[in-house]
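Beneath this line is the structure, given in structure tokens, with notes to follow.
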Amino acid sequence: MNTPAGNIHEFTVSELAGSLKRTVEDAFGHVRVRGELGRVVVAKSGHVYFDVKDDKAVIASIAWKGTAQRFRFRPEEGLEVVIEGRLSTYPGRSQYQLIVESMEPAGAGALMALLEERKKQLAAEGLFEPARKQPIPFLPTTIGVVTSPTGAVIRDILHRLRDRFPRHVLLWPVLVQGEGAAPQIAEAIRGFNALPVDGPVPRPDVLIVARGGGSIEDLWGFNEEIVVRAAAESEIPLISAVGHETDTTLIDYASDRRAPTPTGAAEMAVPVRAELKADLDQLGGRLVSALSRHIERRRTELRSAARALPRPAALMELKRQRFDMVADKLDPALLNHAAEKRGRLLVLAAGLKPAALTRDLRQKREQLTERASRLAPAAERVRRDRKRDLENWSARLEALSHQSVLKRGFVLVRDRAGKLVRSGASLMEGAGIDLVFADGERAARIEGDRKPSKRAPETPALPKKSKPKPKPRSKPEAAGQGRLF
């Protein structure tokens, strides 16, 4: 049997989920929760998803990108925090979640643990190495100060600089506490470093990053990673003066020098002018005394050396007398020399008259014409004589050549080594020989001895060598004309 539903309202799933969402948000529109972080996930969009838990319950939480960028620390699993936000629901999963609006570490213990972890991370990167430290200039021309323009810190620095050694000071005003302090401090350090050396705004020779004392939360901006990296990357030497002497921040490790107070930073930046002036006066007095003693000692030495020297007048008397004698001879010598040169000039000028030059040129031209006419016949006679001599020597060479002997029936005998055989006794039976005829070579071999025949072979008669008669020389030149060659 079915029971009627009566007047109970029927919700759709979306309606019920929406009603729950409004009820939760109205009842828990602003909550403050303390717990431990777990399962931290940073999405590509920049949103941060994490759990807030204790020993009995877990609440899913989300920090949107804009909120997460304002966090002064990086959320990590196991860190105890205090969160402010509102409670809402996610109907798609029937899940309630905490929308985070701000988040801080829970107490100084958590901050110190976070500080120690960040210190180890940056130290591992080498940002605190002593080799990175730069020396502070002895007397800077311009000092850049990064601090609040309204606090007592800037007044203390200016007062101390005025007492010790007034210098030109550039102030870059920044927040030194709260949200937005760390980006401003880092931007100020990088801004000073970006100034050109010869620009309209003078580039500081040293930087001072300063703040008065406070709690660890107040000084937290100087522990941010962006500030520490800016200090480590600074090309300008940097002095950190944050808090009191017992306060320590991470910028102190990355800076080139750490001052216990802002006043101490001003003392590190410049020397005491009065002390420098006193030192200069003392050194100046010692210099004057040393110069006076040195001059007096040299004067005494000069006087001692001067006693051994003769009088200057005595040294010059002989030289002056010789000069007078030479000066008396100078005028006549110059006149005689000029007259001699004038006479030689007149002689040379007489030979340079146009008529004499023309006559000499005509004689030289006639001689040249005569010798040119004799040159060609003489050269032809020499050529004929050299040709005749060449033909005679060529005929003699041909007559004495062994080729002409071979053509008359003789044979040239060589052994296999190519040596000339001059005697038959030097050949053994079976030895090979080469016979050279007029028309070529033939190989042969030596056989046993043979009895000589009774009739000796006829030896061809050698033709008598006829000595070529020299051709008669050309007739001597006509009387009165010699040979050129």
Side-chain angles (χ1 to χ4, degrees), residues 1-122 175 177-183 215-218 220-221 223-226:
M1 180 177 178
N2 296 328
T3 303
N7 296 326
I8 299 176
H9 178 71
E10 292 183 355
F11 289 95
T12 64
V13 175
S14 299
E15 289 175 348
L16 184 57
S19 179
L20 288 173
K21 181 178 179 66
R22 288 190 296 272
T23 301
V24 171
E25 290 180 350
D26 291 342
F28 302 96
H30 185 270
V31 294
R32 184 178 177 88
V33 181
R34 183 188 184 105
E36 181 182 333
L37 295 181
R39 193 188 59 84
V40 179
V41 178
V42 180
K44 294 182 179 180
S45 59
H47 309 320
V48 181
Y49 298 89
F50 54 90
D51 294 335
V52 181
K53 61 182 180 179
D54 56 16
D55 56 344
K56 296 180 180 180
V58 177
I59 300 177
S61 305
I62 179 173
W64 305 120
K65 178 180 179 181
T67 303
Q69 291 177 345
R70 296 196 301 269
F71 288 166
R72 295 188 300 171
F73 63 96
R74 183 174 57 188
E76 297 179 359
E77 185 174 354
L79 184 65
E80 187 176 5
V81 295
V82 175
I83 299 175
E84 292 186 7
R86 56 185 175 86
L87 202 62
S88 182
T89 64
Y90 183 54
R93 294 183 180 177
S94 299
Q95 174 183 331
Y96 67 91
Q97 58 187 9
L98 182 62
I99 308 299
V100 179
E101 295 177 356
S102 66
M103 180 167 59
E104 298 290 340
L111 285 177
M112 292 303 296
L114 179 61
L115 179 64
E116 191 64 27
E117 180 182 356
R118 183 173 294 170
K119 178 182 175 182
K120 292 179 181 179
Q121 174 192 349
L122 296 176
L175 293 175
Q177 180 179 339
E179 295 183 5
S215 63
I216 186 173
E217 290 85 358
D218 297 336
W220 191 257
N223 293 318
E224 293 292 348
E225 184 175 346
I226 186 175

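Shown here for Ser88 and Ile99, the closest heavy-atom pair between the two residues is CB-CG1, 4.2 Å. Val100 and Phe71 make their closest contact through CG1-CZ, 4.2 Å (heavy atoms, listed as atom of the first residue, atom of the second, distance). Across all non-hydrogen atoms, the minimal contact from Glu25 to Leu87 is CG-O, 3.4 Å. The minimum heavy-atom distance between Val40 and Pro75, with the atom names listed, is CG1-O, 3.8 Å. Nearest approach of Tyr49 to Ala43, heavy atoms of both residues: CE1-CB, 3.9 Å. Nearest approach of Gly221 to Ala182, heavy atoms of both residues: O-CB, 3.7 Å.
The one candidate from Lys53, Glu76, Glu80, Met103 that meets the side chain to side chain contact (heavy atoms under 4.5 Å, CB included) condition with Leu37 is Met103. Exactly one of Ile83, Leu98, Val81, Ile62 qualifies for a side chain to side chain contact (heavy atoms under 4.5 Å, CB included) with Phe50. That residue is Ile83.
In this structure, Leu16 CG and Glu10 CD are separated by 12.5 Å, a value rounded to the nearest 0.5 Å. Interatomic distance, Glu101 CD to Arg86 CZ, rounded to the nearest 0.5 Å: 6.5 Å. One distance of note links CG of Asp26 with NZ of Lys21; it measures 11.0 Å at 0.5 Å rounding. Rounding to the nearest 0.5 Å gives a distance of 11.5 Å between CZ of Arg34 and CG of Asp54. Rounded to the nearest 0.5 angstrom, Gln95 CD and Ile59 CD1 are separated by 11.0 Å.
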Could you go step by step and tell me if Glu224 and Arg118 meet the side chain to side chain contact (heavy atoms under 4.5 Å, CB included) rule? CA-CA 9 Å; Glu224 293 292 348; Arg118 183 173 294 170; 3.4 Å; yes

Under the criterion side chain to side chain contact (heavy atoms under 4.5 Å, CB included), I'd like the reasoning laid out for Lys65 against His47: C-alpha separation, chi angles, the key distance, then a yes or no. CA-CA 4 Å; Lys65 178 180 179 181; His47 309 320; 3.6 Å; yes

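Distance alone, capped at 3.5 Å, places no donor-acceptor pair between the Ser19 side chain and the Glu15 backbone.
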